[in-house]
Amino acid sequence: MADAQVYRGHLIGIIGAGPAGLYAAKKLLDAGAHVVLFNRDIKPGGLAEYGIFPTKYKMKEGLRKQFRRILAHPQVDYYGKCSVGDKGDLTLADLYALGFNALICAAGAQGTKSLGLPGEDAVGVMHAKDLVYHYNALPPFSQQQFPIGKRVAIIGMGNVMIDIAHFLLRLWKQVEEVIVVARRGPAERRYDAKEYKYIEAFVDQDALRQEIVRLRPRLEAVGQDVDALIAEMTTPTPPARPADCPGRMTFRFLASPTRVLTDADGRMCGLEVEENILVARDGSTSARGTGTYAELPVDSVVFAIGDRVDDAIGLPYAHGEFLTNPHPDAYDAATAAYQVYDPVHQKVLEHTYVVGWSRKASEGLVGKAKQDAEIGAEVVLHALADTPAPDVATVAERRQAIRHLVEERCGSLITQDEITLLEAAEQQRALEAQLPDYKFDSNEAMLTAIYGHQVRVA
Ligand SMILES: Cc1cc2nc3c(=O)[nH]c(=O)nc-3n(C[C@H](O)[C@H](O)[C@H](O)COP(=O)(O)OP(=O)(O)OC[C@H]3O[C@@H](n4cnc5c(N)ncnc54)[C@H](O)[C@@H]3O)c2cc1C
């Protein structure tokens, strides 16, 4: 790997200014590179701003502080409200023509995954990320109506499920029951115990105990200790449920959704699931359908089963992921994992890399995205080790040309300066309303706050 401390004044473009894009930028800046970030959203931060649960104020503000410091570096240009892709403000071809020495895609995983079930397009079917963006005030999701009913099934058993349940039960408050539907059993839950604390008060302890007992023969068939699972998952003294949050939470294990049931108006009115057994394999378990079906009387469903990358960005793509080099040479498998691969010409796409959730969709927390971005940045620096950096005047010219192009294509120029103005306006609002945090939830409102006069967005 390259020594990241050696001065290298290369010009590197990054698509996406979430944690991965920003931490990659930091690593590159520390090595002397010039970095240009193109970000779809006005604000930087990605899911740290628009995914992490809104009431985790301390964590969010801690990350914002780090991001501000990165963006304050004189060798970085930030362009918000500037999307890259086939239908974006800029295309990949535009970026390739701008004279970057390397291009890194750090655009996260913006596509949603679906199971392809009959009825999946019905009103009442939602995807976790869209809802997460909605309650975190990201336009345009913040402006959309979500058809949340009284009884909501959440498919999946990871940390995102916890956040959705937390939102429905504690912030939205209008649901009577949240039912977690999981393919496998209680032993295969994927959420962190720390996160579970946020929703523990809502869990119907008796119902959970009964559900695990109901599955006893199926769990014991693969050697699982039912009583230990009950002891781990339930508590005789759950925290008190807030008086103004009436909803409860239950679990339906060993159940795979097979069909969304709809009424004559095309609204969902139930979820058909197939009962599963567990099959032990190589020290792990998988679910196998039994051919027995049940109908859950729910009026909404949220899929919290992970995301896929956005193929509209234009990089080679298959099965939810951008393609990376499948031919690592024996000495540097780590490098190959970050290089984008063109399967048509069967070669690496020159100077093009992926990091963070764009490399491994929905994998890990911010710390993991940071680590991944830093490794990716080192791979880039290593690859550029023998390429002379452009001279300072050329870099300045290219940065200026990029600024002009962004101004022309994106309709408005959102740089670090505009973000500073926006944050000051939001802090002022928070102060006035005595809130721990305040966010403008439309692009119009953000641009109006930045420019100090009414701005309409087409
Ligand atoms: C619901 C939820 C809750 C989470 N809670 C936590 C938590 O509590 N703690 C924690 O540590 N981690 C949490 N995470 C995980 C964490 O958010 C991710 O690990 C991290 O944000 C991934 O970073 P990324 O930069 O790869 O992607 P993202 O954060 O998704 O950033 C992608 C960036 O790319 C931009 N972009 C997208 N498409 C384009 C395009 N076409 N052109 C230009 N720019 C584009 C976006 O605007 C965005 O800024 C949570 C994730 C989710 C989904």
Side-chain angles (χ1 to χ4, degrees), residues 12-29 35-54 56 59-73 76-85 88-90 95 103-112 128-130 132-139 141-142 159-160 163 306-310 312-313 315 321-322 338 353-377 380 414-416 419 422-423 439 443 446:
I12 297 168
I14 302 183
I15 306 169
L22 289 160
Y23 288 122
K26 166 134 186 25
K27 191 87 187 168
L28 297 166
L29 291 163
V35 174
V36 182
L37 288 150
F38 303 95
N39 196 45
R40 177 198 63 191
D41 309 328
I42 288 183
K43 279 196 202 173
L47 286 165
E49 182 66 42
Y50 293 115
I52 292 178
F53 204 73
K56 289 184 177 173
M59 180 189 292
K60 287 174 98 104
E61 193 46 37
L63 289 166
R64 282 184 197 126
K65 269 192 192 138
Q66 294 182 39
F67 298 159
R68 274 181 213 125
R69 275 200 294 272
I70 296 169
L71 292 176
H73 195 290
V76 66
D77 293 320
Y78 172 79
Y79 296 117
K81 201 170 147 311
C82 182
S83 64
V84 176
D89 302 303
L90 301 172
L95 262 48
L103 203 54
I104 300 175
C105 178
Q110 305 301 331
T112 45
K129 185 162 46 54
D130 299 352
V132 165
Y133 279 161
H134 171 75
Y135 66 66
N136 269 293
L138 173 68
F141 302 91
S142 47
N159 286 334
V160 173
D163 275 14
D307 300 309
R308 59 176 184 82
V309 300
D310 176 8
I313 286 182
L315 292 174
E321 306 221 322
F322 294 127
Y338 293 83
Y353 302 86
V354 273
V355 295
W357 279 25
S358 275
R359 195 176 78 80
K360 290 268 180 208
S362 304
E363 195 174 282
L365 300 175
V366 168
K368 175 105 179 166
K370 177 175 192 261
Q371 188 190 39
D372 199 66
E374 290 175 349
I375 297 173
V380 173
I414 306 294
T415 68
Q416 292 96 320
I419 295 302
L422 175 58
E423 288 187 342
K439 274 188 193 178
N443 284 346
M446 282 190 253

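Positions are given from 1 along the sequence.
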Which pair of non-hydrogen atoms, one from [X] and one from [Y], has the smallest distance, and what is that distance?
X	Y	answer
Val160	Ala128	CG1-CB, 3.7 Å
Pro139	Asn443	CG-OD1, 3.4 Å
Ser362	Ala109	N-CB, 4.3 Å
Ala20	Gly356	CB-CA, 3.7 Å
Ala106	Val355	CB-CG2, 3.6 Å
Ala361	Glu321	N-OE2, 4.0 Å

I'd like to check [X] versus [Y] (side-chain heavy atoms, cut-off strictly below 4.5 Å). Are they in contact?
X	Y	answer
Ile70	Val76	no
Ile14	Leu22	no
Leu95	Val84	yes
Ser142	Lys439	no
Pro19	Leu63	no
Tyr79	Thr415	yes
Leu37	Pro44	no

Can you tell me how far apart [atom1] ([X]) and [atom2] ([Y]) are? Round to the nearest 0.5 Å.
X	Y	atom1	atom2	answer
Lys81	Arg40	NZ	CZ	13.0 Å
Leu90	Phe38	CG	CZ	6.0 Å
Leu315	Ser358	CG	OG	8.0 Å
Met446	Ile419	CE	CD1	8.5 Å
Tyr135	Asp163	OH	CG	4.5 Å
Arg69	Leu29	CZ	CG	14.0 Å

| request: With side chain to side chain contact (heavy atoms under 4.5 Å, CB included) as the test, would you mind laying out the steps for Asp130 and Thr112 before giving the verdict? | output: CA-CA 9 Å; Asp130 299 352; Thr112 45; 4.1 Å; yes

Any donor and acceptor pair, going by atom type alone, linking the side chain of [X] with main-chain N or O of [Y] inside 3.5 Å?
X	Y	value
Asp310	Ala312	yes
Trp357	Gly364	yes
Lys60	Ile52	yes
Asn136	Gly51	yes
Asp41	Lys43	no

| said: Under the criterion side chain to side chain contact (heavy atoms under 4.5 Å, CB included), I'd like the reasoning laid out for Tyr133 against Gln110: C-alpha separation, chi angles, the key distance, then a yes or no. | reply: CA-CA 11 Å; Tyr133 279 161; Gln110 305 301 331; 2.7 Å; yes

| query | Just checking, any donor-acceptor pair under 3.5 angstrom between side chains of Tyr23 and Asp372? | reply | no

| task | Could you please spell out the steps behind the salt bridge (Lys or Arg N to Asp or Glu O under 4.0 Å) verdict for Glu423 and Arg68? | result | CA-CA 10 Å; Glu423 288 187 342; Arg68 274 181 213 125; 2.6 Å; yes

| Working for side chain to side chain contact (heavy atoms under 4.5 Å, CB included), residues Tyr338 and Val380 | CA-CA 9 Å; Tyr338 293 83; Val380 173; over 6 Å; no

| task | Might you confirm whether atom NZ of Lys26 has over 12 heavy atoms from other residues, nucleotides or ligands at distances under 6.0 Å? | result | no

| task | Apply the test side chain to side chain contact (heavy atoms under 4.5 Å, CB included) to residues Leu422 and Ile414: give CA-CA distance (whole Å), side-chain angles for both, the deciding distance (0.1 Å), then the verdict. | result | CA-CA 10 Å; Leu422 175 58; Ile414 306 294; over 6 Å; no

| request: For the pair Glu61 and Lys65, find out whether any cationic side-chain nitrogen is under 4.0 Å from an anionic carboxylate oxygen. | output: no

